[in-house]
Amino acid sequence: MSWTSAFAPVLPEIWLAAAAMALLLLGVFQKEDPFARISRLAVGALAVTFVLVVGRDDGRVAAFDGLFVVDEFARFMKGLVLIGSALAIVLAEDWLVKERAQRFEYPVLVLLATVGMMAMISANDLVSLYVGLELQSMALYVLAAFQRDAVRSTEAGLKYFVLGALASGMLLYGASLLYGFTGTTGFEPMAARLREANQLPLGALIGMAFLIAGLAFKVSAVPFHMWTPDVYEGAPTPVTAFFAFTPKIAAMALFMRTMMTPFGDIGPAWQQILVVLSIASMGLGAYAAIGQDNIKRLMAYSSIGHVGYALVGLTAGTGEGLRGVAIYLAIYLAMNAGAFAIILGMRRRGQAVEEIPELAGLAKTEPLTAAGLAVLLFSLAGVPPMAGFFGKFYVFMAAVNAGLFVLAVLGVLASVVGAFYYLRIVKLMYFDPPAEPFERPMPGAVGAVAAASALFTLLFFAWPAPLVAGAEAAAQALLRLP
Amino acid sequence: MLYGLIVFLPLIAAIVAGFGGRALGDRGAQVVTCGALIVSALLSGVAFYQVAWKGQPVTVELLTWIDSGAFDVMWSLRIDQLTAVMLVVVTWVSAVVHVYSVGYMAHDPHIPRFMAYLSLFTFAMLMLVTSDNFVQLYFGWEGVGLASYLLIGFWYHKPSANAAAIKAFVVNRIGDFGFGLGICGVFLVFGTVEFDPVFQTAPGFAGKTFEFLGMKLDMLTVICLLLFMGAMGKSAQVPLHTWLPDAMEGPTPVSALIHAATMVTAGVFLVARCSPLFEYAPDALAVVACIGAFTAFFAATVGLCQNDIKRVIAYSTCSQLGYMFFAAGLSAYAAAIFHLFTHAFFKALLFLGSGSVIHGMSGEQDMRRMGGLLAPLKITYVLMWIGSLALAGVPLFAGYYSKDAIVETAFMAGGKLGSFAFVMGVAAAFMTAFYSWRLLFMTFHGQNRHPDRHVIEHAHESPAVMLVPLYVLAAGSIFAGALFAQAFIGEGSPIFGASILVLPGHDALAQAHHAPLWVKLAPVAVGLAGIALAWWMYVRRPDLPGKLAAMHGDAHRFLLNKWYFDELYDALFVRPAKWLGHALWKRGDGKVIDGLGPDGIAALTLDIAKRATRLQTGYVYHYAFAMLIGVALLVSWYLYRGGM
């Protein structure tokens, strides 16, 4: 194997890491405010990475002795993550400028986090898993505290860091137990050991439980979700948006590969745990969001609930279920991008506002924005024919076909309760006396993102085939164990 | 095409006038509906000639309606002799009433709506009489029920009109429930709802039984009784008659068209149409005869004491329908339909005449406040005389031929049932004559007793647009009997052909011509006696009725209060139902279902939401603790399970 071909599968990651470092240098050496230019360049770098990722079509390729793997699943998820990162930079630009926080490190940190996420998605070994996870997390901790002169932002960063460290500790402890009881860190050898063992070693199961705890923290599944509302509320809004729709996808992808590759044969062992996590997340997401007045906090609980729904598909563990999760994540990205675009547009008298009652009567002052947000909220609530309904539909169908009836029924019930708080906002916008209008015009890029995602969620039902086909290929790649 | 036009012209007119009424204006709506109905009436005349006179029944298939498994229903128009007669009755009376309404409703603000309802009713009634299967019949049946409801409650701002409309609807539902079950029974037994196959195979099912709650029941009898239940509701037979007098809350043309001439006779039509079934269910026929005879008598007694001019005629209608039913129950379907035919003319005449009186008296309906209208309403007076003579069965007038035939049939049928019907019929004939002339004398003779002088001075004859329709009906009331008696009920009567089946041995009608002379004279004699008595009591000795009522206070109150049927139903059904409804609403729905369901769940959800929010304390160590507990639970789960 030649030197170039050994590194070929990692090319997008290498390119992105190099781009991030180059942009960092560029920013430091530039005299005038480099923020806008670096942002654009970062989006460009992400676009190139996207082409590098999805442009290749060479099936499953492993690098570094199986530490790192690229397959259809990785391509699908990396595509989503790259789109999410680019959207996070696009949405942030105007907001950060207005809040006087337009430091060029923001796009660079997003790029570095993205490198970490891509490493996570392709991780095929406990070691590469941990390296990717930490690379991502370190960047995210800094991002959460990005408004370093704001108390809430620094508090959010600190909380996230402390709890993230705890979670990493658990994850590492689990990894060490797994290594101890199976004698390997590679996903595929580990799968083989577990398959061959007459009786599953209890230590390996406990190791897996710790590993799951660590991963559950990253996707913010109950009861490892506690950081989410505080960090979402405290972090600057563009960062919250980024947290909501990008690292979550990467972490979910990592979760999926970790469950399916090394532990694919002992599905029943982890299904029991995931059922509990999933039900608890759906339930808490639905109930706790009802009491919230801050829209970012509400979106935090909303994201907890959505992780619960996505976990339903993973729990099913079938091709159908994995496909459901992949579709769910794509739709979730679109819905959240739109919702956060509109939240970022909530400014009054030069200040960002985050309280839900501020949206009262939006239908009268801004009928178009209100209609877009209503579509997104209906979609988040899972009302047909919006995209969100199909996301839920695919995972619940998979659960039913896998015989997980209780899970599916509880999921549907939770989404009924959850519909309440989404619809409450719709009611507020359409039936309450109008509050003072927001600062307008909305920045072009933000408005475009909001409009595009609203249209996507509204019209998804008309042509779902491409997304479903991509998700199907991704799911099959994950199922085809070597 | 011809038949299609007859049926669908009124529908088109109803749609045009109903939805385009605003654009057309009052005059436009009147022209459209009246024009459509007059054309339809003329075409019906042609249809009557072709089908009934020449004896060529036809069936026009329109389209498939329901095709579900073995259940196959067509929309088709079945025009046989029976239908042709009904077509003529319905379209002619309807056309006349449409024209009359132009004058009667001239001051109403909702003329297009009224005309559209009338036309809609006519369409539904035509659908009913032209149906070729039970389901289509049911469609028409419910259609006329709907139109009747809409028209009784036409003056929706009057609470009494709304109450009457609801009452009519609910009471009819009871009958229709039976009717619906009857249709289900037909499908269950015969496997089809088309008339022809059902009627052809009916003899094979005669005497067959089925088990129900341990009882052996005759199939055809049960089916016929269920169907008759519908007829009882629609045709206001005891005990489902209570809605008809209240239905007089509707405008008078409605009373004439729906509650005298056409809709209420649908029950009679149904029994005649199903004669091939009823003929094989003699027990059901006996029930029909019994109920009919009793209703004829009962309604006549109530009619004696009513003071509202329209209510008197309403009870008269009820009574006459009783005649038709007992004729049908004695297998004299032809006589029943003939009476239906003549009755349509003179009863519509009486109603529209009373409408003319009400119109002249500025809306007054209480006969105790009338009198002395002879001078201002001469033409109406003459017309009411004609209607009353026909109703009382005075020779040469229409009612004489049909009613006499029925009474004679009852006598010749013999047996307990026939004798009962005969006695009831003659008694009712006496009372009919009495209350008809009581109405005439109280309304037109003596002094005007209205307390408002202005109304008396204002009393006036109706305009030509209201009188011309009355002339048409008067002509029918005089000549319809003499002209058609031979064709309908003459010996060897050919007109109904195969559309009505009478088994040998049930031919009391054919025997009627051989009744003894005293039987033939009895109805006329008692009729004249009734007229004489009315004259004696209300013209010669106007103080007598009051004295008589005082002497027999209980009897008078009993009749005045309609045998306390309404009070009985109120106590038996209405109040318990209200109590039950209230209890279910307040306790069942409000406390139990809402309390545990929507309200309870909502409260519980809020409670959980508050607790869930409180979990989020903001302290990092709480969060870390929660994570540790979480991982501890996960690990303990595996330890507890002891591996897999």
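Convention: sequence-line order gives letters A, B, ...; per-chain numbering from 1. Both backbone and side-chain heavy atoms feed into the values below; hydrogens, waters and symmetry mates do not.
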Return yes when atom [atom1] of [X] has more than 12 non-hydrogen atoms of other residues, nucleotides or ligands closer than 6.0 Å, and no otherwise.
X	atom1	value
Phe263(A)	CZ	yes
Lys158(B)	NZ	yes
Phe625(B)	CZ	no
Arg152(A)	CZ	yes
Tyr138(B)	OH	yes
Arg173(B)	CZ	yes

Flag, side chain of Tyr638(B) to backbone of Ala269(A), donor-acceptor distance under 3.5 Å = yes
Honestly, the part of Phe217(A) sitting under 4.5 Å from a heavy atom of chain B is side chain
Relative to chain B, which segment of Tyr301(A) carries a heavy atom at a distance below 4.5 Å: side chain, backbone, both, or neither?
->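 Looking at Tyr301(A), just its side chain touches chain B.
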Knowing that exactly one of Ile608(B), Thr605(B), Ile601(B) qualifies, which makes a side-chain contact (heavy atoms from CB on, under 4.5 Å) with Val417(A)?
->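 Option passing the side-chain contact (heavy atoms from CB on, under 4.5 Å) with Val417(A): Thr605(B).
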What residue in Val631(B), Val620(B), Leu628(B) has the most heavy-atom pairs under 4.5 Å with chain A?
->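 Highest number of pairs under 4.5 Å: Val631(B).
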If you measure from CE on Met627(B) to CG on Leu166(A), what distance do you get to the nearest 0.5 Å?
-> 4.5 Å
Minimum heavy-atom distance [X]-[Y], with the two atoms named:
X	Y	result
Ala209(A)	Leu634(B)	O-CD1, 4.0 Å
Gly291(A)	Thr613(B)	CA-OG1, 4.2 Å
Ala612(B)	Leu284(A)	CB-CD1, 4.2 Å
Ala609(B)	Ile290(A)	CB-CB, 3.7 Å

Residue by residue, scan residues 220-232 of chain A and write down, ordered by number, those that have a heavy-atom distance under 4.5 Å to chain B; if none do, write 'none'.
->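 From residues 220-232 of chain A, the residues near chain B are Pro223(A), Phe224(A), His225(A), Met226(A), Trp227(A), Pro229(A), Asp230(A).
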Is there any residue in residues 167-179 of chain A with a non-hydrogen atom under 4.5 Å from a non-hydrogen atom of chain B, and which ones are they?
->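 If one takes a 4.5 Å heavy-atom cut-off, the residues of residues 167-179 of chain A near chain B are Ala167(A), Met170(A).
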Heavy-atom distance under 4.5 Å to chain A: side chain of Leu633(B), backbone, both or neither?
->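 Neither part.
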